[in-house]
Amino acid sequence: MFKQILVPVDLNEKGFADKAVQLAVWHAKHSNAEVHLLTVLPGIHMSMVATYFPKDAAKKMKADVKAQLKQFAEKQIDDEVVYQIHVAEGKAYRTILDYADKLGADLIVMPSHKRSKMDKVMLGSVASKVVQSSPINVLVVKPQG
């Protein structure tokens, strides 16, 4: 049914994306799909932010995050599932949508924080913005417990 499944992964929160990845792997096994794990870094190349970091800091940070994402993938995804890892910079929800389009994804499986209504008004929600703007199916995985 699905051929390209995108899973946004926030490496800053241990266990946050685990259930979403498990569901993506299940769908991938049942439809012979490829899984794409994506971690989005804040845009540190923006001129105002870039002045606070050494020139090679962004490159080093991206390589470091890619290594962490690779370790995460090796623990979470069975050998029989084809997957790729991606690290990008930008606004989280926009970058997720751009990658879904770029990869030809037909499903996004993403975790969602358990937030109060006030938090959503104040902070917004990456998951809700992706759901509202995505032209493809989005499976939102709520926190357990």
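Everything numeric here is computed off the predicted structure, so don't read it as measured data.
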Legend entry - Distance, nearest 0.5 Å, that separates CD of Gln84 from CG of Leu103: 7.5 Å
Side-chain donor-acceptor pairs under 3.5 Å in residues 61-73, sequence neighbours left out?
residue	atom	partner	partner atom	Å
Lys70	NZ	Glu74	OE2	3.0

Legend entry - Which atom of Ile77 lies closest to which atom of Val21, heavy atoms considered: CG1-CG1, 4.0 Å
Inset, instruction - Of all the heavy-atom pairs spanning Gln4 and Asp106, show the shortest one and how long it is. - result: O-OD1, 2.7 Å
Inset, instruction - Would you confirm whether Asp78, through its side chain, and Glu80, through its main-chain N or O, come within 3.5 Å as a donor-acceptor pair? - result: no
Inset, instruction - Applying side-chain contact (heavy atoms from CB on, under 4.5 Å) between Ser112 and each of Val141, Val126, Val140, report the one that passes. - result: Val140
Legend entry - Considering all heavy atoms, the nearest Pro8-Pro111 contact: O-CD, 3.7 Å
Inset, instruction - Give a yes or no on whether the ring-centroid distance for His36 and Tyr99 is below 6.0 angstrom. - result: no
Inset, instruction - Enter the distance from Lys142:NZ to Lys19:NZ here, rounded to the nearest 0.5 Å. - result: 15.0 Å
Legend entry - Heavy-atom donor-acceptor pair, Thr39 side chain to Val9 backbone, under 3.5 Å: yes
Legend entry - Smallest separation among heavy atoms of Leu6 and Ile96, with atom names: CD2-O, 3.5 Å
Legend entry - Nearest heavy-atom neighbours spanning Ile5 and His27: CD1-CB, 3.8 Å
Inset, instruction - List the atom of Val7, the atom of Ala24, and the distance in Å for their closest heavy-atom pair. - result: CG2-CB, 3.4 Å
Legend entry - Atom pair CD1 (Ile136) and CG (Leu97), whose distance is rounded to the nearest 0.5 Å: 8.0 Å
